[in-house]
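Taking it in order: structure first as structure tokens, then the write-up.
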2 protein chains.
Amino acid sequence: MNGSRPTIEDVARVAGVSRATASRVLNDAPGASEVLRRRVTQAIADLGYRPNETARALASGRQRTVDLIAVIDNPDLALGAHPYYSRVLAGVVAALETVNVQLRVQVVAEHDTARRIDTIAADLTAGAILANAAPDLATQLHQRSRKVVSIVPTAPSVPAVEADNAGGAHAAVRHLHALGRRRIAAIHGPDLNTCAIARRAGHRRAVKAFKLPDISTAGGFTREGGHAAALRLLDEHPDIDAMFVACDLMAAGAIQAITATGRRVPHDVSVIGFDDNVVAICTNPLLTTMRLPTEEMATAATRMLLTGTITPGHRERFTVELVERDSASPVG
Amino acid sequence: MNGSRPTIEDVARVAGVSRATASRVLNDAPGASEVLRRRVTQAIADLGYRPNETARALASGRQRTVDLIAVIDNPDLALGAHPYYSRVLAGVVAALETVNVQLRVQVVAEHDTARRIDTIAADLTAGAILANAAPDLATQLHQRSRKVVSIVPTAPSVPAVEADNAGGAHAAVRHLHALGRRRIAAIHGPDLNTCAIARRAGHRRAVKAFKLPDISTAGGFTREGGHAAALRLLDEHPDIDAMFVACDLMAAGAIQAITATGRRVPHDVSVIGFDDNVVAICTNPLLTTMRLPTEEMATAATRMLLTGTITPGHRERFTVELVERDSASPVG
DNA sequence: CTGAAAGCGCTAACAA
DNA sequence: TTGTTAGCGCTTTCAG
């Protein structure tokens, strides 16, 4: 203990072996006798030695960190406010638990992507998980490094894990229809958001299939947006008896708005959300919603990066299932 | 472009200078003429050169990453479900925005801390933000590296940013009292959680000060816990007219439980939460709550690490303020 | 099986 | 101002 921490050199000296041998036992690499192995292990314990990961990475050129790139389009409902990113984080962490790989988080504002894209691409090692990156950004990153996988619908060339957003939206409307609801309105997400686009498409398909009136508006994936949208909808179409809302946060706002107009949820107006994050269990009544398997998707994406099983255009699909709680009920 | 990416060596060669000079302009270090500076800059652009951060870190010994250590005590309401960590993340990221420092996230299960503590301590560079680490873990990490700061109440020796949890709890009860509420119950957090302990203390102080009956129970900082606790409370003390709930997630559950018994919030039973995270705007009615300035605290903690202004026992304090929404109202 | 030696890409004395 | 020369701590040939 002369101030700075022990290096592999110290370990080697104490164990009376060469640095190479010390390195071998450190990495469980073959080519070291049981005797020396024990001596080195002992020395490591005695010195309290921990390898310097930076030096390791430099020397081996190995890739020991996964990047989570969180693109923030709306600074207000950024990381702090949105439960989505925590779920992604949880999924990534789960995949990293057993392997010795670090997680680095990079948050980049949408307007700032151009400036940072090269640096980000250059710094990637094991690869990057793209959360909420627009197709063009994803494409650019993919071109620069190959080692990226998006967890939202993205450009055709970019590897991705995708949830069946369209199918989920369709199933939501179908469920509402099966409950006897016929005046089903929809609150969609942002026009350019790929998830929102897919959900919108699924909704439209269902509206056609069930010959429903298309009463739609958009709410920007925020609580406030959902609240305002619901109010608008109710004002223009007082006879609405159900709402399909493209995310839980908006659904929370919608429920508040609906009850504020004196209507009861689910009796007068049933609502189904989308995501199934923590918000869904905090609304009153509890939110019936379509479960987006975010953690599982993030885990899968991370595994893809780790195993290197990504090829341009690669797709892994996840289903979106209905989670019945209390915000949707049969008519009457 | 011969396959691998350009190194500073390549830049130097193309610019016709030494590696040292290239390094100087790269780091905006003094000691390079304007002429060479331009040549190097040009070469960097031509080659699309990006410095290898790993090599940089190794050579300079500089500390370029901040660790966020998230301790998870309950795997169920882990990262994915709890809005707290996203707020912390947002705060840390905000402090890192301008400086060239990376954020690494390490999630460690409470039962696993013993096994990982040495590795974590050894890997620290700029330092670590301790989110939700118990006092003994914090102490151990602090002993091993000095460069840690907790963002929850912790052991006396560990540097920390602390919110006035006790004051906040006291203020919550005072507010309820000022509204004319006299049968104020409390739903506390986990017995061993330091935040919960402080809030409990503040509540107890207020109960004494206002000569209120002490009707308390615990809910474990989960929605389910809050729900069950509220039901229990209402069953045993049907005349309760207000609840102080130690976190928003539990408050959401409490509101659901209260309305499920046929009582109205805030009219019959007013409730005040604690945190002011996304959950507070998703309940119905909107939750009146005590704002824990999590982002600001995380930002402050990160700055402390970056500037090195941490000494054992250092404390930076934050106030907790009432955010009035719709879940608490005057009696009558 | 073991060790000597050559780097990984960069920074930072130290000379010139 | 510029370049030369050592390393940072580790991995990994390559001989022995």
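Keep in mind that the numbers below use all heavy atoms, side chains included, and drop hydrogens, waters and symmetry copies. Quick note on labels: first sequence line is chain A, next is B, and so on, each numbered from 1.
Among all heavy-atom pairs drawn from B:His142 and B:Val158, the shortest one is CB-CG2, 4.0 Å. Residue B:Gly127 comes nearest to B:Leu305 through the heavy atom pair C-CD2, 3.7 Å, listed as atom of the first residue, atom of the second, then distance. Taking each heavy atom of A:Ala55 and A:Asn52 in turn, the nearest pair found is N-OD1, 3.0 Å. Looking at every heavy atom in both residues, B:Arg64 comes nearest to B:Asn100 through NH1-O, 3.1 Å. The two residues A:Ser157 and A:Thr139 make their nearest non-hydrogen contact at OG-CG2, 4.4 Å. Nearest heavy atom pair, residue A:Thr7 against residue A:Asp10, reads N-OD2, 2.8 Å.
The shortest distance between the side-chain N/O atoms of B:Ser18 and the OP1/OP2 oxygens of D:dG3 is below 4.0 Å.
Comparing the helix axis at one end of the helix from C:dC1-D:dG16 to C:dA16-D:dT1 with that at the other, each defined from 5 consecutive pairs, gives an inter-axis angle of 40° (nearest 10°).
Between B:Asp123 and A:Arg50, none of the side-chain N atoms (NZ, or NE/NH1/NH2) sits under 4.0 Å from a carboxylate O, so this pair counts as no salt bridge.
Contacts between residues 19-40 of chain B and DNA chain C, defined by a heavy-atom separation under 4.0 Å, are made by B:Arg19, B:Ala20, B:Ser23, B:Arg24, B:Asn27.
Heavy-atom contacts of chain B under 4.0 Å fall on DNA chain C between two terminal nucleotides, which in 5' to 3' order are C:dG9 to C:dA13.
Just one of B:Ile129, B:Thr311, B:Thr309 meets the side chain to side chain contact (heavy atoms under 4.5 Å, CB included) condition when paired with B:Met304; it is B:Thr309.
Note that the CD atom of B:Glu9 and the CZ atom of B:Arg19 stand 5.0 Å from one another [nearest 0.5 Å]. Atom CZ in B:Arg104 sits 12.0 Å away from atom CG in A:Asp67 (nearest 0.5 Å).
The separation between B:Glu9 atom CD and D:dG3 atom P is 13 Å, rounded to whole Å. Rounded to an integer number of Å, the gap from CD1 of B:Ile8 to P of D:dT2 is 15 Å.
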